[in-house]
Amino acid sequence: VQLVESGGGSVQPGGSLRLSCAASGYTISTYCMGWFRQVPGKEREGVASIASDGFRSYADSLKDRFTISKDNAQNTVYLQMNSLKSEDTAMYYCAASAVSYCSSVYRRWYNMRSYSYWGQGTQVTVS
(Lines give C-alpha, C1' and ligand atoms only; values in the text may rest on other atoms or scores of the structure.)
Protein backbone atom coordinates (compact mmCIF):
# COMPACT_ATOMS: atom_id res chain seq x y z
CA VAL A 1 0.00 0.00 0.00
CA GLN A 2 1.30 3.39 -0.94
CA LEU A 3 -0.28 6.76 -0.27
CA VAL A 4 1.22 9.78 -1.99
CA GLU A 5 0.13 13.27 -1.01
CA SER A 6 0.52 16.29 -3.24
CA GLY A 7 -0.79 19.81 -3.58
CA GLY A 8 0.85 21.44 -0.60
CA GLY A 9 2.76 24.67 -0.81
CA SER A 10 2.87 28.25 0.34
CA VAL A 11 -0.20 30.45 0.21
CA GLN A 12 -1.27 33.78 1.62
CA PRO A 13 -3.93 34.01 4.32
CA GLY A 14 -7.37 33.76 2.79
CA GLY A 15 -6.12 31.60 -0.05
CA SER A 16 -7.03 28.07 -1.01
CA LEU A 17 -5.26 24.80 -1.66
CA ARG A 18 -6.41 21.37 -2.71
CA LEU A 19 -4.46 18.42 -1.42
CA SER A 20 -4.55 15.07 -3.19
CA CYS A 21 -3.80 11.59 -1.91
CA ALA A 22 -3.24 8.98 -4.57
CA ALA A 23 -3.45 5.38 -3.37
CA SER A 24 -1.87 2.31 -4.88
CA GLY A 25 -2.16 -1.27 -3.74
CA TYR A 26 -5.34 -0.24 -1.97
CA THR A 27 -8.90 0.51 -3.05
CA ILE A 28 -10.15 3.69 -1.41
CA SER A 29 -13.76 2.94 -2.26
CA THR A 30 -13.73 0.06 0.18
CA TYR A 31 -12.23 1.72 3.22
CA CYS A 32 -12.25 4.78 5.45
CA MET A 33 -9.77 7.48 4.48
CA GLY A 34 -8.59 10.39 6.57
CA TRP A 35 -6.53 13.56 6.58
CA PHE A 36 -4.42 14.57 9.56
CA ARG A 37 -2.05 17.42 10.21
CA GLN A 38 0.86 18.01 12.51
CA VAL A 39 3.04 20.90 13.56
CA PRO A 40 6.41 20.39 15.24
CA GLY A 41 6.09 19.69 18.93
CA LYS A 42 2.39 18.85 18.77
CA GLU A 43 0.39 15.69 18.31
CA ARG A 44 -0.98 14.77 14.94
CA GLU A 45 -4.61 15.86 14.78
CA GLY A 46 -7.51 14.64 12.72
CA VAL A 47 -8.74 17.03 10.04
CA ALA A 48 -11.39 15.04 8.21
CA SER A 49 -12.42 11.55 7.20
CA ILE A 50 -14.57 9.93 4.54
CA ALA A 51 -16.01 6.46 4.87
CA SER A 52 -16.57 3.94 2.10
CA ASP A 53 -20.19 5.07 1.81
CA GLY A 54 -19.12 8.70 1.54
CA PHE A 55 -20.02 9.73 5.07
CA ARG A 56 -17.81 12.66 6.08
CA SER A 57 -16.52 13.80 9.44
CA TYR A 58 -14.61 16.98 10.26
CA ALA A 59 -12.83 18.63 13.10
CA ASP A 60 -15.33 21.13 14.45
CA SER A 61 -13.01 24.08 13.97
CA LEU A 62 -12.41 23.24 10.29
CA LYS A 63 -15.74 22.03 8.92
CA ASP A 64 -16.73 25.44 7.53
CA ARG A 65 -13.53 25.81 5.52
CA PHE A 66 -12.31 22.31 4.63
CA THR A 67 -13.98 19.69 2.44
CA ILE A 68 -12.94 16.09 2.02
CA SER A 69 -13.92 14.21 -1.12
CA LYS A 70 -12.83 11.23 -3.15
CA ASP A 71 -12.77 9.98 -6.70
CA ASN A 72 -13.06 6.22 -6.61
CA ALA A 73 -12.25 5.90 -10.29
CA GLN A 74 -9.00 7.78 -9.76
CA ASN A 75 -8.42 6.06 -6.41
CA THR A 76 -7.67 9.49 -4.97
CA VAL A 77 -8.84 11.41 -1.92
CA TYR A 78 -8.88 15.19 -1.80
CA LEU A 79 -8.88 17.90 0.83
CA GLN A 80 -10.10 21.27 -0.33
CA MET A 81 -8.95 24.00 2.03
CA ASN A 82 -10.42 27.48 1.75
CA SER A 83 -9.94 30.72 3.67
CA LEU A 84 -6.63 29.47 4.94
CA LYS A 85 -5.19 30.93 8.11
CA SER A 86 -1.69 31.02 9.50
CA GLU A 87 -2.70 28.42 12.09
CA ASP A 88 -3.40 25.97 9.28
CA THR A 89 0.33 25.78 8.64
CA ALA A 90 1.32 22.14 9.16
CA MET A 91 2.40 18.94 7.53
CA TYR A 92 -0.69 17.24 6.16
CA TYR A 93 -0.92 13.47 6.06
CA CYS A 94 -3.24 11.10 4.27
CA ALA A 95 -4.27 7.95 6.13
CA ALA A 96 -6.03 4.75 5.15
CA SER A 97 -7.99 2.44 7.36
CA ALA A 98 -8.46 -1.31 7.17
CA VAL A 99 -12.23 -1.05 7.62
CA SER A 100 -15.03 0.62 5.68
CA TYR A 101 -16.35 2.83 8.47
CA CYS A 102 -14.51 5.64 10.20
CA SER A 103 -16.24 5.73 13.57
CA SER A 104 -18.03 3.27 15.80
CA VAL A 105 -18.39 2.43 19.46
CA TYR A 106 -14.78 1.30 19.46
CA ARG A 107 -13.28 3.51 16.77
CA ARG A 108 -12.95 7.24 16.30
CA TRP A 109 -12.08 8.77 12.96
CA TYR A 110 -9.76 11.35 14.55
CA ASN A 111 -7.70 8.72 16.38
CA MET A 112 -4.45 7.84 14.62
CA ARG A 113 -4.79 4.23 15.74
CA SER A 114 -7.86 3.88 13.54
CA TYR A 115 -5.62 3.94 10.45
CA SER A 116 -3.22 1.33 9.16
CA TYR A 117 -1.39 3.16 6.40
CA TRP A 118 0.10 6.63 6.13
CA GLY A 119 1.56 8.83 3.47
CA GLN A 120 4.76 10.84 3.80
CA GLY A 121 2.95 14.13 4.11
CA THR A 122 2.79 17.40 2.22
CA GLN A 123 3.71 20.74 3.76
CA VAL A 124 1.21 23.58 3.84
CA THR A 125 2.48 27.01 4.81
CA VAL A 126 0.15 29.97 5.18
CA SER A 127 1.91 33.32 5.55
Side-chain angles (χ1 to χ4, degrees):
V1 176
Q2 186 175 20
L3 303 174
V4 179
E5 302 97 334
S6 61
S10 295
V11 64
Q12 292 184 343
S16 298
L17 283 174
R18 188 177 79 155
L19 306 183
S20 299
C21 172
S24 58
Y26 181 91
T27 304
I28 69 166
S29 63
T30 309
Y31 300 104
C32 165
M33 301 291 295
W35 283 99
F36 285 72
R37 68 184 186 182
Q38 188 173 25
V39 298
K42 292 191 176 182
E43 292 187 357
R44 195 170 295 187
E45 65 172 349
V47 173
S49 70
I50 186 165
S52 61
D53 64 359
F55 184 82
R56 296 168 173 82
S57 298
Y58 296 94
D60 286 342
S61 61
L62 302 176
K63 61 185 178 181
D64 293 333
R65 300 187 293 117
F66 289 16
T67 303
I68 189 171
S69 62
K70 61 179 179 175
D71 184 332
N72 290 334
Q74 296 295 322
N75 215 31
T76 300
V77 180
Y78 303 97
L79 183 69
Q80 177 67 42
M81 305 185 296
N82 299 327
S83 302
L84 284 163
K85 305 175 181 180
S86 58
E87 51 262 44
D88 295 318
T89 295
M91 185 71 78
Y92 284 73
Y93 297 91
C94 177
S97 175
V99 296
S100 61
Y101 53 90
C102 295
S103 290
S104 70
V105 174
Y106 304 104
R107 179 184 293 267
R108 294 291 180 265
W109 71 267
Y110 48 80
N111 190 322
M112 288 181 58
R113 292 190 294 272
S114 296
Y115 300 86
S116 301
Y117 308 102
W118 292 84
Q120 292 301 306
T122 186
Q123 178 67 38
V124 172
T125 301
V126 185
S127 65

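The first residue of the sequence shown is numbered 1, and numbering continues consecutively from there.
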Counting only N and O atoms by type, is there a donor-acceptor contact under 3.5 Å from the side chain of Asn82 to the main-chain atoms of Phe66?
no
Does Val126 offer a backbone N or O that forms a donor-acceptor pair with the side chain of Asp88 under 3.5 Å?
no
Is a side-chain donor-acceptor pair under 3.5 Å present for Arg18 with Tyr78?
no
N/O donor-acceptor pair under 3.5 Å between Asp71 side chain and Gln74 backbone
yes
Is a side-chain donor or acceptor of Tyr26 paired with a backbone partner of Tyr31 at a separation under 3.5 angstrom?
no
Any side-chain to backbone donor/acceptor pair from Glu5 onto Cys94? Under 3.5 Å, distance only.
yes
Donor-acceptor contact below 3.5 Å, side chain Arg65 vs main chain Ser83:
yes
Greater than 12 external heavy atoms within 6.0 Å of Gln123's CD
yes
Check for me whether the distance between the ring centres of Phe36 and Tyr115 falls short of 6.0 Å.
yes
If we ignore hydrogens and angles and just use 3.5 Å, is the side chain of Tyr92 paired with the main-chain N or O of Leu79 as donor and acceptor?
no
Indicate if Met91 and Tyr117 have the same hydrophobic cluster label, given that clusters are the connected sets of ILVMFWY residues with side-chain heavy-atom separations under 4.5 angstrom.
no
State which residues pass side chain to side chain contact (heavy atoms under 4.5 Å, CB included) with Val99; sequence neighbours excluded, sorted by chain then number.
Ser97, Tyr101, Arg107
Hey, could you give me the CG/OG distance between Asp53 and Ser100, rounded to the nearest 0.5 Å?
7.5 Å
